[in-house]
Structure formats: C-alpha cells, structure tokens
Amino acid sequence: MTDMAQSAGWLIDNIWMVPVYPLIATVLIILGRGLNLYKIKELSMSLTVLSTFCGLIHALFALQWMFGQGEHVVPIEQNYVWLSAGAIQLSMGYLLDSMSVMMLFVVTFVSLLIQIYTHGYMKHDAGYSKFYAYLALFNFSMLGLVLSTNLFQIYVFWELVGVSSYLLIGFWFTRPSAAKAAVKAFMMNRVGDFGFLVGILTLVYFTVIDGGNWWQQHLAANPDQAFLSFRALGDAAPYIMENVGPLIFAIMALLIFMGPMAKSAQLPLHTWLPDAMEGPTPISALIHAATMVAAGVYLVGRTYPIFMESSSAMVIVAVLGTATALVAATIAVTQVDIKKALAYSTMSQLGYMVAAMGVGAFSAGLFHLFTHAFFKAMLFLCSGSVIHACEDEQDMRKMGGLMKKLPVTGWTYLAGTVAISGLAYTSGFWSKDEILVGAHDYSQIIYYVLLFTAGLTSFYMFRTYFMTFLGKYRGEAHVHHEDPVMVTPLAILAIPSLFIGALLSGIVFPGWPAFSQYIAYHVPGVEHAAHHFDAFSGIPLTSTIVALIGLFAAFFMYGPMRVIDPDMFRRLLAPLYNLSINKWYFDDIYDNFVENYCMVSAKVSSWFDRTVIDGLVNGTALMVMSGGSGMRQLQSGKVQVYLGALFFSVFILSLAFIYWLR
C-alpha cells in the first residue's frame, strides 16, 4: 500500500511529463521516417498510443488525488522563469487543479481511443506514420495548454494547437478542398488569436506599465505563482476595473474572448469548422469534438474572473453563445453530409457552453464540455465507420438500412444521439439542463432560445440516425462489414456517453459529490448550478418534452414509415430553407468581402507599391548611379581629360564673369 501511495505521489509530482510523452513520440516518429526506420508502420502507432496511455495513467491518479481531497482541492503549481525583463517574468510550468485534472482525463482518454480507431481507418493510407506523428504533436500541444499556469504559456500552446490542426485538416493536401479548408481554419483562427494577443498585452499594460508594477507586489506575496498566473486573475481583475473603468475593462475582456470565439467556432468566426471536416474522420473526432474546439471554452473558464468583473462582457458572451447555438442548429437541420451535420452540431453545443459561461452557469458549462467530449467523439467515430464501410460515401441520401450491416456502429450512434438530445437521463441531460436552469435564472429570452435549440438538436440528430441506419439502403457502394479495431472504441465511449453525467450529477449517486462542487471551487463567487438543480422540476421536464417533440418530428419525416413529406416543408418554408441550406450566407458575405474589398485593396496597394514606392526608391538609386557614372569620368587618370575639364571650367567661369561685369 505504501508503494502504491509512493507511486501515486511520484505520478502527481511529475505531472509535467504528460505532454512530454507525445512530444518524444513525435520526435521519434519524425526521425524514424527520415531514417526510413518505419517500414513496419505499426511502430509509429505503438509509440503514439503508448505516449497517450502513459498520460492517461497520470490523469487517473490525478483524479484519485482530486477526489481524495473532497470539495476543497488545493492546487499544485510549479513555475520556472524563462525570461525576465524588469517587472515582466515570463514563466513555464504546470498547474494541477480540478479544471486541469478534468481536461487531462478527457484529452488522454478520448485521444487514446481515437488513436486506436485510427489504425483501422488509416491502415491503407500512404501517410500512416506521418499521420500518427501529427496526432502526437497535437496531443503535446493540447496537454501543454491544459497544464499551463499563465496566459503567456497558454498562448504558446494555443498557437501550437493551431499549427497542429492546420497540418491535420490539410493532411490530404492533394485534395484542393482539404488544402483550402486548412488555410481557412488557419486564417480564421489568426483573426481571433490576434485579438487574444492584444487582450493579453492590454492586461499587461494596465498591471505593469500603467499599474504601478502590480504583478511585482502580488508575486512578492505569492511566490508560488507566475506572471499572468490564472490563480492571480481573481485579484488582478478588480484592481484593473478600479483603474480603467467599465468600458475599457469590457473591451479588454472581449479581446481575450476573441481567441475562444475563433477556436470554439462562435459567431462570426465560425465558418472554418464545417470545412475542417475535409480532414480524415479521426481528426474530426479529436480536434473538432473533444479537444481543440473545447480549448476555447476551457480558456474562458481559466480567465473567468475577468469576465465576472464585467457585466457588459458577460452579456455579450451570453448573447453570442446563444446566437451561435441557434444558428448552427438551424443549419444542421438541412445538411445531407453526415460529417457536416455533426460539425454544425458541435458548433451548436459549443454555443451552449459559451452561453452558460455568459449567464453565470460556470460549472454547468464545463460539465457540458466534459460530457459532450465523450458522445460527440463517439458520434464522429461512428460516422467514420459508416463512411469507411460505404467506400468514402458521406451523403446520407445514399445511405439507409445500415443497422443490419453495421450493428455496433448503429447502436452506439443511437446512444450518442440520445445523449446529445438530452433524453432518458443520459449524460447530455444532466449537463444541458443545468445550463437551461442557469439561463432561466439569467434571462427568459436566452432560456427560450436555448430550449428551442434543444428541440432542434433532437430533430436533426435523429434525422441523421434515421436517414443513415433505418429504412432501405439507397446507395450504390458495396457496404463492408465493421472493423473490430474501429468499433471497439465506440463501445467503450458509449458507457461514459450514457452514464457519466448521472455519476457526477450529485443526485443519482449521493455518495459522489457533484461535478460543480469540484470544478468551481477555485473561482470565488461562482454559483453551483447543481445545488439548485432538480431533475424532476419544471425545466428538465419541459426540455425532455421539447426533445421528444424533435424526435417524433424526425421520425415522421425521415423514419422508415414516413408520414410527412420533407419536401412539403421545403416549399412552404422556402425562405427559411434557403437561409439554412446557404448557411445563413456567412460564407457568401465573406467571399464577397474578400473579392470586392480585400482583393481590390490588395491590387491598389500592389500598384502603389510598384509604381510610387518602388518608383521613388528605384529613381533615387538611378540618380545616384547616374551621378556616380558622371563623376567617374572625372577620375579617369587621363591628363587630356583633366586639361579639357580645366579649360571648360575656366571658359564657363569667364562667361559668368563677363555677364556679371555687364
């Protein structure tokens, strides 16, 4: 028992090794490819899976450490100064608290299953080893982000996550659509990241340059913390607000929020997410369901004391999250590509999480982030199993009746659909309805919009299920049987997708403390939604009825015994249908803006640069060269030239003298 305790203590003390494992795997795979050592390509898979498994062991012991402390988890923070310049000390380190423990478990557990699944999905791909190298690099970036202690460090890993996603989205770069999607994701995220960086610099300015070296005073009293430490933001936020006023403070908070807006695909920086489905399906599950897009919500949670200090910023965050949830859900109802339908579903659920942060339901938003990771990763992997079996077909109109050929995929997809719809006390029910409770207490408008969105979620998710797995097969491709390597992770993910919400609800199993009691401890003033959440009250009952309405509507329109013709609704609601099928025209607006403004501005700038700027520079150079050439003639070393110049000069001076005498 003592040896076990010592081992657990060693794993906790060396939690910094969790991101190091995949970094080592990345380097070894790249070196192996360069030296042509990976002719047996499974070696690269083994390195990546082993690195993630080692990280999962650390995460499991970290969970045990957290639960062993009860509600009052005392954070562990270790920092190492990387660069020091006056009052600014940039540090790297690790922070272990309830929030980072939660994300460590999610990232390592889900990533491990996705990496195992990838072997079956990518085993015939020529870039198999390279793909695993990218997976390991992404894991390193995401795990480093999760353990970051301060805003500087998280920004470094934030950008690494962006680079990794660019490589993974554009993995099949020979496809023009994949290459364009990667560039689009990269550029859209750069817009958000620029705002995030300006927000960090603004915070530094008001606490260092214009703040009387506030950080020096704070760190002197708290030597275990770092410059821009997350644990210090609760003290820094009131100080900044007092010195700059509500307007400037709100602008600073919203600049920081621009990072999550892009990373978590919130309006209007959301258009990259559906296009990112051009990457291999395991990437869709890893980046766009369980980890990368969750980083934005995680960052809002880490910087939540700043948002709590500004009611204006909170309102904007709540409205943007709610609008994103609604817009994405209305687009998802008309999608025929199974992966894009799930992509808009992800965007809608992220809107739910962001709205929860805005309305003050902090723990509920992170609870939904936690549960959503399991069932959305499973849904994406199920779609990959379908696409793989149908010879790369993604159009649901060419599917149907696949439950017979793909039973494990069909049942697990149904489990994920039930969970995301919030039915039958599944994981999605507990986390989604906590958000609705928080929204109801904050704003009736936001509550009803999110409630309506819950009904749309149930409708479009069951629509994808009925179109894909029930009825008759409508495709032409030969449907292959399920690959055991691919369906085993699905079966494992189905368990937390259905039950982990109830386990951490604090209601079904009273012996287990509620998720919110752990996650919100380090943020003073955060309301614990689970404390007043009653699973049998009016709000959960109402949301369940709304979800059932969505289910039956999908069944009657797309089920095996179709009662209602969807085309009738397309004709009756043509303007709304066109709005949905054209994705609210966001892409068209951006394309027109780029073509009619950005390209014109670029051409004008190019002409001005070539004609005016280069003309001035090149003209000056030409004048100097011409003058130099002329002067060189006077230094030829020939006596006759010098005498000629002398007589010519005397002649000119004589003429000038005569003219002057007149």
Side-chain angles (χ1 to χ4, degrees), residues 102 106 110 285 289-290 293-294 297 321 325 328-329 332 341-356 361 363-382 411-439 447 450-465 490 493-509 514-516 519 529-530 533-537 539-551 554:
M102 173 201 75
V106 167
V110 173
V293 294
V297 181
L342 292 176
Y344 281 110
S345 172
T346 298
M347 178 180 157
S348 182
Q349 297 304 304
L350 289 167
Y352 252 94
M353 301 170 204
V354 171
S363 54
L366 291 177
F367 191 17
H368 198 52
L369 169 64
F370 183 76
T371 59
H372 175 264
F374 299 106
F375 52 72
K376 183 50 67 66
M378 180 178 67
L379 287 167
F380 266 114
L381 295 183
C382 286
W411 283 109
T412 52
Y413 192 94
L414 178 60
T417 301
V418 170
I420 197 172
S421 301
L423 291 171
Y425 293 96
T426 56
S427 294
F429 166 82
W430 298 103
S431 56
K432 179 202 69 178
D433 283 15
E434 280 194 19
I435 295 175
L436 290 176
V437 169
Y447 165 70
L450 291 178
L451 184 63
F452 177 67
T453 303
L456 288 178
T457 301
S458 177
F459 173 78
Y460 68 68
M461 285 306 306
F462 277 101
R463 170 180 176 268
T464 63
Y465 172 73
L490 303 182
L493 282 168
I495 298 172
S497 297
L498 293 172
F499 304 116
I500 202 166
L503 183 66
L504 297 176
S505 67
I507 298 175
V508 178
F509 300 97
F515 178 91
S516 61
I519 210 68
F533 176 72
D534 183 357
F536 303 99
S537 65
I539 293 176
L541 180 61
T542 303
S543 71
T544 300
I545 293 173
V546 169
L548 287 172
I549 292 172
L551 187 162

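- With Trp430 as the partner, the ring pair (Phe, Tyr, Trp, His ring centres under 6.0 Å) test is satisfied by one option alone out of Phe367, Tyr425, Phe499: Tyr425.
- Residues Leu369 and Met102 are in side-chain contact: their nearest non-hydrogen atoms beyond the backbone lie under 4.5 Å apart.
- Minimum interatomic distance between Ser427 and Pro496 (heavy atoms only, all atoms of both residues): OG-O, 2.8 Å.
- Taking 4.5 Å as the limit, some side-chain heavy atom of Leu436 sits within range of a side-chain heavy atom of Asp433.
- Rounding to the nearest 0.5 Å gives a distance of 12.0 Å between CG of Leu381 and OH of Tyr413.
- Shortest non-hydrogen contact noted between Leu490 and Thr412 is O-CG2, 3.7 Å.
- Remark: the backbone N or O of Val418 is not paired with any side-chain donor or acceptor of Ser421 at under 3.5 angstrom.
- Taking OG1 of Thr371 as the start and CD1 of Ile500 as the end, the distance is 9.0 Å to the nearest 0.5 Å.
- Counting all heavy atoms, side chain and backbone alike, Val546 lies closest to Ala454 at CG1-C, 4.5 Å.
- In plain terms, the two heavy atoms of Leu551 and Ser458 that are nearest each other are N-OG, 3.2 Å.
- Residues Leu423 and Thr426 come closest through the heavy atom pair O-OG1, 2.8 Å.
- Smallest separation of non-hydrogen atoms from Met378 and Ser497: CE-OG, 3.7 Å.
- Taking 4.5 Å as the limit, some side-chain heavy atom of Thr453 sits within range of a side-chain heavy atom of Ser348.
- A side chain to side chain donor-acceptor pair (under 3.5 Å) with His368 holds for exactly one of Lys432, Glu434, Gln349; it is Gln349.
- Remark: side-chain polar atoms of Ser345 are not paired, donor with acceptor, to backbone N or O of Ala341 under 3.5 angstrom.
- A donor atom on one side chain and an acceptor atom on the other are not found under 3.5 Å apart for Tyr352 and Ser431.
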**Message:** With side chain to side chain contact (heavy atoms under 4.5 Å, CB included) as the criterion, how do Thr542 and Tyr447 come out once you've worked through the C-alpha distance, each side chain's angles and the decisive distance to 0.1 Å?
**Reply:** CA-CA 12 Å; Thr542 303; Tyr447 165 70; 4.3 Å; yes
**Request:** Test side chain to side chain contact (heavy atoms under 4.5 Å, CB included) on Phe452 and Thr457 and set out the steps.
**Result:** CA-CA 9 Å; Phe452 177 67; Thr457 301; over 6 Å; no
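- By the 4.5 Å heavy-atom criterion applied to side chains, Phe462 and Leu414 are counted as neighbours.
- Ring orientation note: the planes of Phe375 and His372 are nearly perpendicular, at an angle over 60° on the 30°/60° scale.
- Met353 has its side chain out of reach of Leu366: every pair of non-hydrogen atoms, C-beta onward, lies at least 4.5 Å apart.
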